[in-house]
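To start, the structure itself, in C-alpha coordinates.
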Number of protein chains: 2
Amino acid sequence: MVDAGVSLSRSRVDKQRNRTHILEVAEQVFTAQGVAGSMDAIAKLAGIGPGTLYRHFPNREALLAALLQARGDDLKSRRDDIRRAVSDSTEALAQWLDALGQWATAFDGLPEPLRMALTEETSPLALTCQGYITMTEEFLRAAQRDGGARPQVRARDLFLGVLATTWVRDAAMADESSEHGLSTVLRCGWATP
Amino acid sequence: MVDAGVSLSRSRVDKQRNRTHILEVAEQVFTAQGVAGSMDAIAKLAGIGPGTLYRHFPNREALLAALLQARGDDLKSRRDDIRRAVSDSTEALAQWLDALGQWATAFDGLPEPLRMALTEETSPLALTCQGYITMTEEFLRAAQRDGGARPQVRARDLFLGVLATTWVRDAAMADESSEHGLSTVLRCGWATP
DNA sequence: CCCTTAGACGGAGAGCGTCTCCGCTTCTTC
DNA sequence: GAAGAAGCGGAGACGCTCTCCGTCTAAGGG
(Lines give C-alpha, C1' and ligand atoms only; values in the text may rest on other atoms or scores of the structure.)
Protein backbone atom coordinates (compact mmCIF):
# COMPACT_ATOMS: atom_id res chain seq x y z
CA MET A 1 0.00 0.00 0.00
CA VAL A 2 2.98 2.23 0.47
CA ASP A 3 3.96 1.82 -3.16
CA ALA A 4 3.07 5.36 -4.14
CA GLY A 5 6.74 6.13 -4.28
CA VAL A 6 7.35 2.85 -6.08
CA SER A 7 4.74 3.53 -8.75
CA LEU A 8 6.16 6.99 -9.12
CA SER A 9 9.66 5.65 -9.60
CA ARG A 10 8.20 3.04 -11.94
CA SER A 11 6.96 5.75 -14.25
CA ARG A 12 9.14 6.51 -17.18
CA VAL A 13 12.03 8.86 -16.80
CA ASP A 14 11.62 10.34 -20.27
CA LYS A 15 8.07 11.35 -19.43
CA GLN A 16 9.19 13.48 -16.51
CA ARG A 17 11.97 14.94 -18.63
CA ASN A 18 9.49 15.85 -21.34
CA ARG A 19 7.18 17.45 -18.84
CA THR A 20 9.93 19.61 -17.47
CA HIS A 21 11.08 20.56 -20.92
CA ILE A 22 7.57 21.50 -21.99
CA LEU A 23 7.27 23.75 -18.98
CA GLU A 24 10.53 25.50 -19.80
CA VAL A 25 9.52 26.09 -23.40
CA ALA A 26 6.00 27.18 -22.48
CA GLU A 27 7.45 29.68 -20.04
CA GLN A 28 9.50 31.18 -22.87
CA VAL A 29 6.62 31.29 -25.34
CA PHE A 30 4.11 32.73 -22.88
CA THR A 31 6.65 35.27 -21.77
CA ALA A 32 7.36 36.33 -25.33
CA GLN A 33 3.86 36.20 -26.79
CA GLY A 34 1.51 36.31 -23.84
CA VAL A 35 -0.81 33.57 -22.62
CA ALA A 36 -2.45 33.34 -26.03
CA GLY A 37 0.74 31.98 -27.59
CA SER A 38 0.07 29.05 -29.88
CA MET A 39 0.04 25.60 -28.28
CA ASP A 40 1.33 24.02 -31.45
CA ALA A 41 4.19 26.48 -31.44
CA ILE A 42 5.11 25.34 -27.95
CA ALA A 43 5.04 21.72 -29.08
CA LYS A 44 7.14 22.42 -32.15
CA LEU A 45 9.64 24.48 -30.19
CA ALA A 46 9.89 21.70 -27.65
CA GLY A 47 10.55 19.25 -30.46
CA ILE A 48 7.51 17.10 -29.71
CA GLY A 49 4.18 16.44 -31.39
CA PRO A 50 0.98 18.16 -30.35
CA GLY A 51 -0.34 14.86 -29.03
CA THR A 52 2.46 14.64 -26.51
CA LEU A 53 1.87 18.18 -25.34
CA TYR A 54 -1.82 17.52 -24.84
CA ARG A 55 -1.26 14.27 -23.00
CA HIS A 56 0.84 16.10 -20.46
CA PHE A 57 -1.50 19.07 -20.21
CA PRO A 58 -5.04 18.49 -21.48
CA ASN A 59 -5.52 22.16 -22.34
CA ARG A 60 -3.97 25.58 -22.17
CA GLU A 61 -5.40 26.23 -18.75
CA ALA A 62 -3.74 23.16 -17.25
CA LEU A 63 -0.41 24.20 -18.70
CA LEU A 64 -0.88 27.68 -17.34
CA ALA A 65 -1.78 26.35 -13.93
CA ALA A 66 1.39 24.24 -13.81
CA LEU A 67 3.44 27.22 -14.87
CA LEU A 68 1.83 29.44 -12.27
CA GLN A 69 2.40 26.98 -9.47
CA ALA A 70 6.10 27.79 -9.26
CA ARG A 71 5.38 31.48 -9.11
CA GLY A 72 2.69 30.78 -6.58
CA ASP A 73 5.31 29.44 -4.22
CA ASP A 74 7.16 32.72 -4.53
CA LEU A 75 3.97 34.54 -3.68
CA LYS A 76 3.46 32.45 -0.56
CA SER A 77 6.92 33.21 0.71
CA ARG A 78 6.28 36.84 -0.10
CA ARG A 79 3.21 36.64 2.11
CA ASP A 80 5.29 35.25 4.94
CA ASP A 81 7.81 38.04 4.48
CA ILE A 82 5.10 40.66 4.72
CA ARG A 83 3.59 39.03 7.78
CA ARG A 84 6.96 38.99 9.44
CA ALA A 85 8.30 42.38 8.45
CA VAL A 86 5.24 44.64 8.29
CA SER A 87 3.59 45.29 11.58
CA ASP A 88 1.01 47.81 10.36
CA SER A 89 -1.90 45.71 9.11
CA THR A 90 -3.06 48.33 6.63
CA GLU A 91 0.34 48.62 5.06
CA ALA A 92 0.59 44.84 5.05
CA LEU A 93 -2.65 44.57 3.07
CA ALA A 94 -1.41 47.18 0.64
CA GLN A 95 1.84 45.32 0.10
CA TRP A 96 0.05 42.02 -0.28
CA LEU A 97 -2.24 43.45 -2.95
CA ASP A 98 0.83 44.81 -4.67
CA ALA A 99 2.44 41.38 -4.62
CA LEU A 100 -0.75 39.88 -6.03
CA GLY A 101 -0.68 42.43 -8.80
CA GLN A 102 2.85 41.50 -9.73
CA TRP A 103 1.94 37.82 -9.70
CA ALA A 104 -0.97 38.46 -12.06
CA THR A 105 1.31 40.15 -14.58
CA ALA A 106 3.65 37.19 -14.92
CA PHE A 107 2.48 36.86 -18.53
CA ASP A 108 0.72 39.22 -20.88
CA GLY A 109 -3.00 38.59 -20.88
CA LEU A 110 -2.94 36.50 -17.73
CA PRO A 111 -5.82 38.35 -16.02
CA GLU A 112 -8.28 37.05 -18.59
CA PRO A 113 -7.89 33.31 -17.91
CA LEU A 114 -7.75 34.04 -14.20
CA ARG A 115 -11.06 35.82 -14.41
CA MET A 116 -12.51 32.98 -16.44
CA ALA A 117 -11.27 30.49 -13.87
CA LEU A 118 -13.14 32.31 -11.12
CA THR A 119 -16.45 31.40 -12.72
CA GLU A 120 -15.69 27.69 -13.12
CA GLU A 121 -15.25 25.69 -9.98
CA THR A 122 -13.70 22.78 -11.83
CA SER A 123 -10.68 24.66 -13.09
CA PRO A 124 -7.22 24.07 -11.62
CA LEU A 125 -6.68 27.82 -11.74
CA ALA A 126 -9.84 28.35 -9.74
CA LEU A 127 -8.38 26.55 -6.73
CA THR A 128 -5.22 28.62 -6.97
CA CYS A 129 -7.23 31.84 -7.06
CA GLN A 130 -9.42 30.69 -4.20
CA GLY A 131 -6.32 30.18 -2.10
CA TYR A 132 -5.15 33.69 -2.78
CA ILE A 133 -8.55 35.11 -1.99
CA THR A 134 -8.38 33.38 1.36
CA MET A 135 -4.95 34.86 2.02
CA THR A 136 -6.27 38.27 1.02
CA GLU A 137 -9.06 37.76 3.50
CA GLU A 138 -6.61 37.24 6.33
CA PHE A 139 -4.82 40.49 5.57
CA LEU A 140 -8.11 42.27 5.05
CA ARG A 141 -9.61 41.09 8.34
CA ALA A 142 -6.57 42.31 10.24
CA ALA A 143 -6.73 45.69 8.53
CA GLN A 144 -10.45 45.97 9.21
CA ARG A 145 -9.95 45.02 12.85
CA ASP A 146 -7.40 47.82 13.14
CA GLY A 147 -9.67 50.29 11.39
CA GLY A 148 -7.48 50.60 8.32
CA ALA A 149 -9.95 49.16 5.82
CA ARG A 150 -13.63 49.83 5.28
CA PRO A 151 -15.68 47.09 6.93
CA GLN A 152 -17.98 46.48 3.97
CA VAL A 153 -15.15 45.62 1.57
CA ARG A 154 -14.82 41.92 0.79
CA ALA A 155 -11.69 39.94 -0.04
CA ARG A 156 -13.17 38.61 -3.26
CA ASP A 157 -13.82 42.14 -4.46
CA LEU A 158 -10.27 43.15 -3.65
CA PHE A 159 -8.89 40.21 -5.60
CA LEU A 160 -11.09 41.08 -8.55
CA GLY A 161 -10.00 44.67 -8.18
CA VAL A 162 -6.36 43.71 -8.43
CA LEU A 163 -7.13 41.55 -11.45
CA ALA A 164 -9.01 44.39 -13.08
CA THR A 165 -6.16 46.79 -12.43
CA THR A 166 -3.61 44.51 -14.05
CA TRP A 167 -6.03 43.91 -16.90
CA VAL A 168 -6.08 47.60 -17.59
CA ARG A 169 -2.33 47.84 -17.40
CA ASP A 170 -1.95 45.16 -20.08
CA ALA A 171 -3.46 47.50 -22.60
CA ALA A 172 -2.83 50.95 -21.30
CA MET A 173 0.92 50.73 -21.59
CA ALA A 174 0.93 53.79 -23.75
CA ASP A 175 0.02 55.72 -20.64
CA GLU A 176 1.80 54.13 -17.74
CA SER A 177 0.45 56.58 -15.23
CA SER A 178 -2.95 54.95 -15.67
CA GLU A 179 -1.68 51.96 -13.79
CA HIS A 180 -0.62 54.07 -10.88
CA GLY A 181 -3.77 56.15 -11.08
CA LEU A 182 -6.01 53.12 -10.92
CA SER A 183 -4.03 51.50 -8.14
CA THR A 184 -4.47 54.67 -6.14
CA VAL A 185 -8.17 54.73 -6.84
CA LEU A 186 -8.41 51.13 -5.72
CA ARG A 187 -6.55 51.88 -2.53
CA CYS A 188 -8.70 54.89 -1.76
CA GLY A 189 -11.62 52.56 -2.33
CA TRP A 190 -10.77 50.09 0.38
CA ALA A 191 -8.87 52.24 2.84
CA THR A 192 -10.66 54.24 5.46
CA PRO A 193 -10.35 58.01 4.97
CA MET B 1 -18.12 69.85 -56.11
CA VAL B 2 -21.32 69.65 -54.11
CA ASP B 3 -21.98 66.15 -55.35
CA ALA B 4 -21.41 64.44 -52.03
CA GLY B 5 -25.12 63.92 -51.77
CA VAL B 6 -25.26 62.96 -55.44
CA SER B 7 -22.51 60.36 -55.09
CA LEU B 8 -24.33 59.01 -52.08
CA SER B 9 -27.54 58.69 -54.03
CA ARG B 10 -25.54 57.23 -56.87
CA SER B 11 -24.50 54.35 -54.71
CA ARG B 12 -26.49 51.22 -55.06
CA VAL B 13 -29.69 50.78 -53.16
CA ASP B 14 -29.10 47.08 -52.51
CA LYS B 15 -25.78 47.87 -50.89
CA GLN B 16 -27.40 50.08 -48.29
CA ARG B 17 -30.09 47.52 -47.70
CA ASN B 18 -27.48 44.83 -47.17
CA ARG B 19 -25.56 46.99 -44.76
CA THR B 20 -28.65 47.62 -42.68
CA HIS B 21 -29.55 43.96 -42.71
CA ILE B 22 -26.05 42.94 -41.65
CA LEU B 23 -26.24 45.33 -38.73
CA GLU B 24 -29.56 43.87 -37.61
CA VAL B 25 -28.28 40.33 -37.76
CA ALA B 26 -24.97 41.19 -36.10
CA GLU B 27 -26.87 42.85 -33.29
CA GLN B 28 -28.77 39.61 -32.72
CA VAL B 29 -25.68 37.40 -32.87
CA PHE B 30 -23.57 39.61 -30.63
CA THR B 31 -26.44 39.90 -28.18
CA ALA B 32 -26.89 36.15 -28.07
CA GLN B 33 -23.26 35.00 -28.16
CA GLY B 34 -21.23 38.01 -27.11
CA VAL B 35 -18.79 40.01 -29.21
CA ALA B 36 -16.82 36.86 -30.05
CA GLY B 37 -19.71 35.46 -32.07
CA SER B 38 -18.58 34.00 -35.37
CA MET B 39 -18.38 36.38 -38.32
CA ASP B 40 -19.21 33.60 -40.75
CA ALA B 41 -22.26 32.81 -38.67
CA ILE B 42 -23.41 36.40 -39.06
CA ALA B 43 -22.89 36.19 -42.82
CA LYS B 44 -24.75 32.90 -43.08
CA LEU B 45 -27.62 34.13 -40.91
CA ALA B 46 -27.84 37.25 -43.05
CA GLY B 47 -27.99 35.07 -46.15
CA ILE B 48 -24.86 36.52 -47.69
CA GLY B 49 -21.34 35.29 -48.34
CA PRO B 50 -18.43 36.10 -46.06
CA GLY B 51 -16.92 38.26 -48.79
CA THR B 52 -19.91 40.58 -48.74
CA LEU B 53 -19.78 40.89 -44.99
CA TYR B 54 -16.09 41.78 -45.07
CA ARG B 55 -16.52 44.31 -47.85
CA HIS B 56 -19.03 46.19 -45.74
CA PHE B 57 -16.99 45.85 -42.55
CA PRO B 58 -13.32 45.00 -43.01
CA ASN B 59 -13.09 43.33 -39.61
CA ARG B 60 -14.96 42.57 -36.43
CA GLU B 61 -13.94 45.83 -34.87
CA ALA B 62 -15.44 47.90 -37.68
CA LEU B 63 -18.70 46.01 -37.38
CA LEU B 64 -18.69 46.53 -33.65
CA ALA B 65 -18.00 50.23 -34.08
CA ALA B 66 -20.96 50.62 -36.43
CA LEU B 67 -23.16 48.72 -34.01
CA LEU B 68 -22.03 50.83 -31.11
CA GLN B 69 -22.65 54.08 -32.92
CA ALA B 70 -26.39 53.81 -32.51
CA ARG B 71 -26.05 53.12 -28.81
CA GLY B 72 -23.58 55.96 -28.61
CA ASP B 73 -26.31 58.34 -29.67
CA ASP B 74 -28.40 57.10 -26.76
CA LEU B 75 -25.49 57.75 -24.48
CA LYS B 76 -25.13 61.30 -25.71
CA SER B 77 -28.76 62.07 -25.07
CA ARG B 78 -28.36 60.47 -21.68
CA ARG B 79 -25.53 62.89 -21.05
CA ASP B 80 -27.76 65.80 -21.96
CA ASP B 81 -30.45 64.51 -19.63
CA ILE B 82 -28.02 64.32 -16.75
CA ARG B 83 -26.69 67.78 -17.46
CA ARG B 84 -30.20 69.13 -17.49
CA ALA B 85 -31.71 67.26 -14.58
CA VAL B 86 -28.87 66.82 -12.10
CA SER B 87 -27.63 70.00 -10.53
CA ASP B 88 -25.16 68.43 -8.10
CA SER B 89 -21.97 67.93 -10.10
CA THR B 90 -20.78 64.98 -8.00
CA GLU B 91 -24.02 63.13 -8.44
CA ALA B 92 -23.92 64.00 -12.13
CA LEU B 93 -20.50 62.41 -12.50
CA ALA B 94 -21.71 59.32 -10.66
CA GLN B 95 -24.71 59.00 -12.94
CA TRP B 96 -22.60 59.55 -16.02
CA LEU B 97 -20.20 56.81 -15.00
CA ASP B 98 -23.18 54.57 -14.41
CA ALA B 99 -24.47 55.33 -17.89
CA LEU B 100 -21.04 54.56 -19.33
CA GLY B 101 -21.04 51.26 -17.49
CA GLN B 102 -24.38 50.31 -18.99
CA TRP B 103 -23.15 51.28 -22.44
CA ALA B 104 -20.09 49.08 -22.03
CA THR B 105 -22.24 46.07 -21.24
CA ALA B 106 -24.28 46.28 -24.42
CA PHE B 107 -22.76 42.95 -25.44
CA ASP B 108 -20.98 40.23 -23.52
CA GLY B 109 -17.23 40.64 -23.72
CA LEU B 110 -17.41 44.19 -25.02
CA PRO B 111 -14.89 45.62 -22.53
CA GLU B 112 -12.07 43.62 -24.10
CA PRO B 113 -12.20 45.15 -27.60
CA LEU B 114 -12.77 48.57 -26.06
CA ARG B 115 -9.60 48.19 -24.04
CA MET B 116 -7.73 47.00 -27.10
CA ALA B 117 -9.00 49.99 -29.04
CA LEU B 118 -7.59 52.37 -26.47
CA THR B 119 -4.08 51.28 -27.37
CA GLU B 120 -4.45 51.71 -31.12
CA GLU B 121 -5.03 55.21 -32.36
CA THR B 122 -6.10 53.98 -35.78
CA SER B 123 -9.13 52.09 -34.57
CA PRO B 124 -12.65 53.39 -35.17
CA LEU B 125 -13.51 52.34 -31.64
CA ALA B 126 -10.63 54.40 -30.32
CA LEU B 127 -12.21 57.62 -31.55
CA THR B 128 -15.50 56.67 -29.94
CA CYS B 129 -13.80 55.97 -26.64
CA GLN B 130 -11.82 59.16 -26.85
CA GLY B 131 -15.06 61.08 -27.22
CA TYR B 132 -16.47 59.51 -24.09
CA ILE B 133 -13.30 60.20 -22.17
CA THR B 134 -13.66 63.85 -23.11
CA MET B 135 -17.26 63.87 -21.89
CA THR B 136 -16.14 62.19 -18.68
CA GLU B 137 -13.60 64.93 -18.30
CA GLU B 138 -16.28 67.60 -18.43
CA PHE B 139 -18.25 65.94 -15.65
CA LEU B 140 -15.08 65.28 -13.70
CA ARG B 141 -13.86 68.87 -13.92
CA ALA B 142 -17.16 70.18 -12.64
CA ALA B 143 -17.12 67.73 -9.73
CA GLN B 144 -13.53 68.63 -8.91
CA ARG B 145 -14.34 72.34 -9.03
CA ASP B 146 -17.13 71.76 -6.55
CA GLY B 147 -14.92 69.67 -4.32
CA GLY B 148 -16.78 66.42 -4.94
CA ALA B 149 -13.96 64.55 -6.64
CA ARG B 150 -10.31 64.16 -5.71
CA PRO B 151 -8.22 66.58 -7.76
CA GLN B 152 -5.57 64.04 -8.80
CA VAL B 153 -8.05 61.69 -10.48
CA ARG B 154 -8.00 61.79 -14.27
CA ALA B 155 -10.82 61.20 -16.71
CA ARG B 156 -8.91 58.52 -18.57
CA ASP B 157 -8.45 56.57 -15.37
CA LEU B 158 -12.14 56.82 -14.58
CA PHE B 159 -13.04 55.54 -18.02
CA LEU B 160 -10.64 52.65 -17.62
CA GLY B 161 -12.06 52.06 -14.16
CA VAL B 162 -15.57 51.76 -15.55
CA LEU B 163 -14.32 49.41 -18.24
CA ALA B 164 -12.52 47.30 -15.66
CA THR B 165 -15.62 47.14 -13.50
CA THR B 166 -17.78 45.92 -16.34
CA TRP B 167 -15.04 43.49 -17.33
CA VAL B 168 -15.22 41.94 -13.90
CA ARG B 169 -18.98 41.77 -14.03
CA ASP B 170 -18.86 39.78 -17.26
CA ALA B 171 -17.27 36.91 -15.41
CA ALA B 172 -18.31 37.27 -11.83
CA MET B 173 -21.98 36.73 -12.51
CA ALA B 174 -21.99 33.90 -10.03
CA ASP B 175 -21.60 36.52 -7.35
CA GLU B 176 -23.51 39.55 -8.43
CA SER B 177 -22.66 41.52 -5.35
CA SER B 178 -19.10 41.76 -6.67
CA GLU B 179 -20.32 44.19 -9.27
CA HIS B 180 -21.86 46.41 -6.66
CA GLY B 181 -18.88 46.01 -4.38
CA LEU B 182 -16.42 47.07 -7.04
CA SER B 183 -18.54 49.98 -8.17
CA THR B 184 -18.59 51.19 -4.61
CA VAL B 185 -14.85 50.81 -4.33
CA LEU B 186 -14.45 52.77 -7.54
CA ARG B 187 -16.67 55.53 -6.27
CA CYS B 188 -14.89 55.73 -2.96
CA GLY B 189 -11.74 55.96 -5.02
CA TRP B 190 -12.66 59.11 -6.89
CA ALA B 191 -14.97 60.83 -4.45
CA THR B 192 -13.64 63.02 -1.71
CA PRO B 193 -14.21 61.63 1.78
C1' DC C 1 21.06 -10.24 -22.34
C1' DC C 2 16.78 -10.60 -24.45
C1' DC C 3 11.66 -10.49 -24.29
C1' DT C 4 7.46 -8.68 -23.07
C1' DT C 5 4.37 -5.17 -22.56
C1' DA C 6 2.48 -0.97 -20.53
C1' DG C 7 2.43 3.20 -21.86
C1' DA C 8 4.61 7.30 -24.20
C1' DC C 9 5.40 9.34 -28.71
C1' DG C 10 4.29 11.91 -32.97
C1' DG C 11 1.94 13.50 -36.64
C1' DA C 12 -1.95 13.23 -39.81
C1' DG C 13 -6.14 15.28 -39.93
C1' DA C 14 -10.94 16.77 -38.30
C1' DG C 15 -13.28 20.78 -36.99
C1' DC C 16 -13.78 25.60 -36.55
C1' DG C 17 -12.41 30.53 -37.34
C1' DT C 18 -10.90 34.57 -40.03
C1' DC C 19 -10.34 36.70 -44.11
C1' DT C 20 -9.17 37.00 -49.49
C1' DC C 21 -9.64 36.51 -54.35
C1' DC C 22 -11.97 36.44 -58.47
C1' DG C 23 -15.51 35.06 -61.78
C1' DC C 24 -20.45 36.07 -61.95
C1' DT C 25 -24.48 38.92 -61.37
C1' DT C 26 -27.00 43.05 -60.73
C1' DC C 27 -27.95 47.86 -60.60
C1' DT C 28 -27.55 52.25 -62.84
C1' DT C 29 -27.19 55.28 -66.51
C1' DC C 30 -27.49 56.74 -71.15
C1' DG D 1 -31.51 47.76 -74.38
C1' DA D 2 -26.54 47.96 -74.05
C1' DA D 3 -22.39 49.11 -71.51
C1' DG D 4 -19.88 49.45 -67.55
C1' DA D 5 -19.22 50.10 -62.74
C1' DA D 6 -19.81 47.94 -58.62
C1' DG D 7 -21.57 44.60 -55.52
C1' DC D 8 -22.13 39.61 -54.62
C1' DG D 9 -20.87 34.95 -53.02
C1' DG D 10 -18.42 31.08 -52.15
C1' DA D 11 -14.24 28.33 -52.79
C1' DG D 12 -10.31 28.04 -50.41
C1' DA D 13 -5.80 29.50 -48.05
C1' DC D 14 -4.18 29.74 -43.60
C1' DG D 15 -3.83 29.25 -38.55
C1' DC D 16 -5.39 27.32 -34.34
C1' DT D 17 -7.05 23.61 -30.99
C1' DC D 18 -7.35 19.13 -30.00
C1' DT D 19 -7.87 13.77 -31.07
C1' DC D 20 -6.89 9.26 -32.67
C1' DC D 21 -4.12 5.52 -33.51
C1' DG D 22 -0.11 3.12 -35.44
C1' DT D 23 4.66 3.02 -33.96
C1' DC D 24 8.34 2.95 -30.80
C1' DT D 25 10.72 2.49 -26.30
C1' DA D 26 11.80 2.27 -21.46
C1' DA D 27 11.43 -0.79 -17.48
C1' DG D 28 11.76 -5.04 -15.30
C1' DG D 29 11.52 -10.20 -15.13
C1' DG D 30 13.44 -14.60 -16.70
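Labels below follow one simple rule: chain letters A, B, ... track the order of the sequence lines, proteins then strands, and each chain is numbered from 1.
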Which part of the nucleic acid, if any, lies within reach of D40(A) when heavy atoms closer than 4.0 Å are counted: base, sugar-phosphate only, or nothing?
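If one applies the 4.0 Å heavy-atom cut-off, D40(A) turns out to touch a base.
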[N] [atom2] sits how many Å from [X] [atom1], rounded?
{"X": "I22(A)", "N": "dG10(C)", "atom1": "CD1", "atom2": "P", "answer": "9 Å"}
{"X": "I42(A)", "N": "dG10(C)", "atom1": "CD1", "atom2": "C1'", "answer": "17 Å"}
{"X": "K44(B)", "N": "dT18(C)", "atom1": "NZ", "atom2": "P", "answer": "12 Å"}
{"X": "Q33(A)", "N": "dC16(D)", "atom1": "CD", "atom2": "C1'", "answer": "13 Å"}
{"X": "D14(B)", "N": "dA5(D)", "atom1": "CG", "atom2": "C1'", "answer": "12 Å"}
{"X": "H21(B)", "N": "dG7(D)", "atom1": "NE2", "atom2": "C1'", "answer": "17 Å"}
{"X": "L45(B)", "N": "dG17(C)", "atom1": "CG", "atom2": "P", "answer": "14 Å"}
{"X": "R19(B)", "N": "dC8(D)", "atom1": "CZ", "atom2": "P", "answer": "12 Å"}

Could you tell me whether a side-chain N or O of [X] sits under 3.5 Å from a main-chain N or O of [Y], the two making a donor and an acceptor?
{"X": "R145(A)", "Y": "S89(A)", "result": "no"}
{"X": "T128(A)", "Y": "P124(A)", "result": "yes"}
{"X": "T192(A)", "Y": "G147(A)", "result": "yes"}

Determine whether any donor atom in the side chain of R12(B) lies under 3.5 Å from an acceptor atom in the base of dT28(C), or the reverse, and answer yes or no.
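Side chain to base: no pair below 3.5 Å.
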Under 4.0 Å from OP1 or OP2 of dC8(D): is there any side-chain N or O of N18(B) that close?
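It does, given that an N or O in the side chain of N18(B) lies less than 4.0 Å from OP1 or OP2 of dC8(D).
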Under-4.0 Å side-chain N/O to phosphate OP1/OP2 contact, S38(B) with dT18(C):
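Indeed, a polar side-chain atom of S38(B) lies that close.
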Can you tell me which residue pairs pass the side chain to side chain donor-acceptor pair (under 3.5 Å) test with a partner in residues 40-61 of chain A, sequence neighbours excluded?
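Non-adjacent pairs meeting side chain to side chain donor-acceptor pair (under 3.5 Å): E61(A)-S123(A).
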Which pairs of donor and acceptor atoms, one on a side chain in residues 28-36 of chain B, lie under 3.5 Å apart (sequence neighbours left out)?
| from | atom 1 | to | atom 2 | distance (Å) |
| --- | --- | --- | --- | --- |
| T31(B) | OG1 | E27(B) | O | 2.6 |

Of V13(B) and G37(B), whose nearest nucleotide on DNA chain C comes first from the 5' end?
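Between the two, 5'-proximity favours G37(B).
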Check each residue of residues 49-61 of chain A for a non-hydrogen atom within less than 4.0 Å of any atom in DNA chain D, then write out the ones that pass by number, or none.
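The stretch gives P50(A), G51(A), Y54(A), R60(A) as the residues lying under 4.0 Å from the strand, ordered by number.
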CD1 on I48(B) to NE2 on H21(B), rounded to 0.5 Å:
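The NE2 atom of H21(B) sits 8.5 Å away from the CD1 atom of I48(B).
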Around atom CD of Q69(B), are there more than 12 heavy atoms from other residues, nucleotides or ligands closer than 6.0 Å?
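Atom CD in Q69(B) is not crowded, with 12 or fewer foreign heavy atoms closer than 6.0 Å.
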Just compare dG7(D), dA8(C), dG10(C) and give me whichever is closest to any side-chain atom of I48(A).
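Within the option list, the nearest is dG10(C).
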